[in-house]
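One-based numbering, in listed order, for ligands and for the atoms of each. These numbers were taken from a predicted model, which means no experiment stands behind them.
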Amino acid sequence: MSDGKSALIDAARDAASRAYAPYSGFHVGAALLLKNGDVVTGANVENASYGLTLCAETSAVAKIANEGWIGELAEVAIVGGRPDGNALVGSNPVHPCGRCRQILNEAAERSKTDILIHCASGDGDAVKSYRLSELLPASFGPKDLGLID
Ligand code: THU
């Protein structure tokens, strides 16, 4: 596969290999495509105090925010599964959790884009694509606080 969607999913899969997930054993990678074509990735970061875990999408959005690029988001890919050697196992597409949908919404509103989100299985055979507005309808964001139009 050589199209943009597949390249973004491949970047998310590569990011998943750098997950720190010793408790769940579930590795998630997220790849954020910016409007200029750059790709920024993140992976989940777990913690011995389980509830403090950072999801892959949240880690990736924190990276773009810290670089001043929160308004530059165009598209997202998410891949998750259990590692088996260098591969990820899992046949179900991984969808962003509720908190991550809200975190992504912040960047999407700032980017003035109803971003496409590609959700891929660990084995790569299943991909479902959504607009953020499908995954988070009737959202609350900076527009509701009068910060953007
Ligand atoms: N996880 C993510 O990184 N993103 C999601 O959207 C769903 C869940 C992570 C959190 C935890 O480290 C592992 O997957 C199992 O829940």
(request) Can you sort out the partners of Y23 under side-chain contact (heavy atoms from CB on, under 4.5 Å), two or more places apart, ordered by chain and number? (result)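 Expected list: Y20, E46, A48, Y50.
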(message) Are more than 12 heavy atoms, taken from residues, nucleotides or ligands other than R99, located less than 6.0 Å from that residue's CZ atom?
(response)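 No, not enclosed.
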(request) If a pair satisfies salt bridge (charged side-chain N to carboxylate O under 4.0 Å, His left out) and one of its residues is in residues 21-39, list it, with sequence neighbours excluded. (result)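 Sorted pair list comes back empty.
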(request) Scan for side chain to side chain donor-acceptor pair (under 3.5 Å) pairs involving residues 114-127, sequence neighbours excluded, and state none if there are none. (result)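 Sorted result for residues 114-127: E75-H118, D114-S133, H118-S129, S121-D123.
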(message) Using modelled atom types and a 3.5 Å cut-off, is there a donor and acceptor pairing between side-chain atoms of R101 and backbone atoms of P96?
(response)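 Checking the backbone N and O of P96 against the side chain of R101, a donor-acceptor pair under 3.5 Å is found.
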(message) Looking at K63, is its backbone amide N or carbonyl O close enough to the side chain of N66 to form a donor-acceptor pair, meaning the two atoms are under 3.5 Å apart?
(response)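 No; zero donor-acceptor contacts below 3.5 Å.
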(request) Select all protein residues for which some heavy-atom-to-ligand 1 distance is less than 4.0 Å, and list them by chain and number. (result)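 Answer by chain and number: S24, F26, V28, N44, E46, T53, C55, A56, E57, H95, P96, C97.
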